[in-house]
A.B. asks: 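Sharing a structure here in structure tokens format.
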Amino acid sequence: DAVEVVLNEENRRKLHAFQKKCRHGDKPQLSHLFRTFPYEACRCFALEGAQGEWLAVMTLSRQTEKKWHTELLLKRRESPVGVMEALIEAVFFLLQAEGFLEWSLSEVPFYHVQQRSPEKLSLKERMVLSAGETWKSAYNFDGLFRFKDKFDPIWQPIYLCAYPQLSLLSLGEIAVQTGYADLVLHETMQNLPLNPLGFLNS
């Protein structure tokens with residue numbers, strides 16, 4: 001069953017522990033892109049199993065009087081296929097019954113819904129797309145897009161704006177501050193081949 005979870009101190013600790021049991025819970029976590037730990041303004045929903053255990057969890061923040069925005073989408077490693085879809089469906093009908101008109105499933109970084117030909121992209125755009133493709137094993141944006149796209153959302157572009165310009169140094173700082181650099185480093189270290197040094201006895 002899908003239930004709304006009151007984010008008191010006990011349930012915050014439970015949610016924090018649940019995050020570590022999720023598919024990517026043992027990796028460095030992204031930050032400053034969404035609310036990684038719930039605030040009082042967030043609502044929390046969970047899909048419970050037969051024993052009352054959480055199978056999937058999501059948190060939402062309110063953007064306008066009639067709009068909610070998804071922050072966390074968490075699924076336990078052992079949860080069966082389809083639990084997140086079931087939770088989203090339940091929350092959709094709940095928000096609809098409450099009179100809300102819009103619900104964002106949040107962004108998919110690195111993904112261009114309306115792809116332009118490479119020659120029409122700026123150097124920085126090509127670098128960002130190349131970085132996303134190169135480190136797709138660290139952050140699988142294709143999988144995230146396919147999951148969210150199955151709900152037939154209205155996709156809207158998101159822009160990075162800076163003055164006087166968005167420099168390469170700024171992009172590097174964003175990668176560090178959001179934890180993306182840590183995620184890439186973690187994935188690199190995980191995939192390094194083990195090659196212990198050998199020593200010769202004389």
A.B. asks: Answer with yes or no whether the hydrophobic clustering places Trp103 together with Leu94; edges join I, L, V, M, F, W, Y residues whose side-chain heavy atoms lie under 4.5 Å apart.
C.D. replies: yes
A.B. asks: Nearest heavy-atom pair of Lys66 and Gly99: which atoms, and what distance?
C.D. replies: NZ-O, 3.4 Å
A.B. asks: Would you mind writing out the side-chain donor-acceptor pairs for residues 164-172 within the sub-3.5 Å range, not counting sequence neighbours?
C.D. replies:
residue: Ser167; atom: OG; partner: Ser170; partner atom: N; Å: 3.0
residue: Ser167; atom: OG; partner: Ser170; partner atom: OG; Å: 2.9

A.B. asks: Which atom names give the shortest non-hydrogen contact between Glu71 and Cys42, and what distance separates them?
C.D. replies: CG-SG, 4.4 Å
A.B. asks: Who passes salt bridge (Lys or Arg N to Asp or Glu O under 4.0 Å) against Glu10, sequence neighbours left out?
C.D. replies: none
A.B. asks: Of all heavy-atom pairs between Ala2 and Leu87, which one has the smallest distance, and what is that distance?
C.D. replies: CB-CD1, 4.1 Å
A.B. asks: Does anything in residues 81-93 pair up under salt bridge (charged side-chain N to carboxylate O under 4.0 Å, His left out), and if so which pairs, sequence neighbours excluded?
C.D. replies: Glu85-Lys150
A.B. asks: State, with a plain yes or no, whether a side-chain heavy atom of Leu15 is found less than 4.5 Å away from one of Val5.
C.D. replies: no
A.B. asks: CD1 of Ile88 to CG of Leu95: how many Å apart, nearest 0.5 Å?
C.D. replies: 11.5 Å
A.B. asks: Atom CG of Leu74 and atom CH2 of Trp54: how far apart are they, to the nearest 0.5 Å?
C.D. replies: 9.5 Å
A.B. asks: Output all residues satisfying salt bridge (Lys or Arg N to Asp or Glu O under 4.0 Å) with Lys67, sequence neighbours left out; order by chain, then residue number.
C.D. replies: Glu102
A.B. asks: Once rounded to the nearest 0.5 Å, what's the spacing between atom OG of Ser104 and atom CD1 of Ile154?
C.D. replies: 11.0 Å
A.B. asks: According to a hydrophobic-cluster definition based on side-chain heavy atoms being under 4.5 Å apart (Ile, Leu, Val, Met, Phe, Trp, Tyr only), do Phe147 and Phe141 belong together?
C.D. replies: no
A.B. asks: Would you compute the distance between atom OG of Ser79 and atom CE of Met84 and round it to the nearest 0.5 angstrom?
C.D. replies: 8.5 Å
A.B. asks: Would you say the side chain of Lys148 lies within less than 4.5 Å of the side chain of Ser106, judging by non-hydrogen atoms?
C.D. replies: yes
A.B. asks: Could you state the interatomic distance from CG (Leu185) to CE (Met189), rounded to the nearest 0.5 Å?
C.D. replies: 6.5 Å
A.B. asks: So which heavy atom on Leu60 is nearest to which on Met58, and how close?
C.D. replies: CD2-SD, 3.9 Å
A.B. asks: Would you check if the side chain of Arg76 reaches a backbone N or O of Cys22 as a donor-acceptor pair within less than 3.5 Å?
C.D. replies: no
A.B. asks: Which atom names give the shortest non-hydrogen contact between Arg12 and Leu7, and what distance separates them?
C.D. replies: NE-O, 3.3 Å
A.B. asks: Write down the atom of Asn11, the atom of Asn8, and the distance for their closest heavy-atom approach.
C.D. replies: N-OD1, 2.8 Å
A.B. asks: Run through Asp1, Val83, Val91 and flag the one making a side chain to side chain contact (heavy atoms under 4.5 Å, CB included) with Leu47.
C.D. replies: Val83
A.B. asks: Short question: side chain of Arg13, backbone of His16 - any donor-acceptor pair under 3.5 Å?
C.D. replies: no
A.B. asks: Excluding sequence neighbours, so at least two apart, what forms salt bridge (Lys or Arg N to Asp or Glu O under 4.0 Å) with Glu173?
C.D. replies: none
A.B. asks: Do the side chains of Lys21 and Glu53 get close enough for a salt bridge, i.e. N-O under 4.0 angstrom?
C.D. replies: no
A.B. asks: Can you tell me how far CG of Leu55 sits from CZ of Phe18, rounded to the nearest 0.5 angstrom?
C.D. replies: 7.0 Å
A.B. asks: Tell me, which pairs form a ring-ring contact (aromatic ring centres under 6.0 Å, His included) where one or both residues lie in residues 60-101, sequence neighbours left out?
C.D. replies: Trp68-Phe100
A.B. asks: Step through the shown structure and confirm whether more than 12 heavy atoms of other residues, nucleotides or ligands are within 6.0 Å of CD on Glu78.
C.D. replies: yes
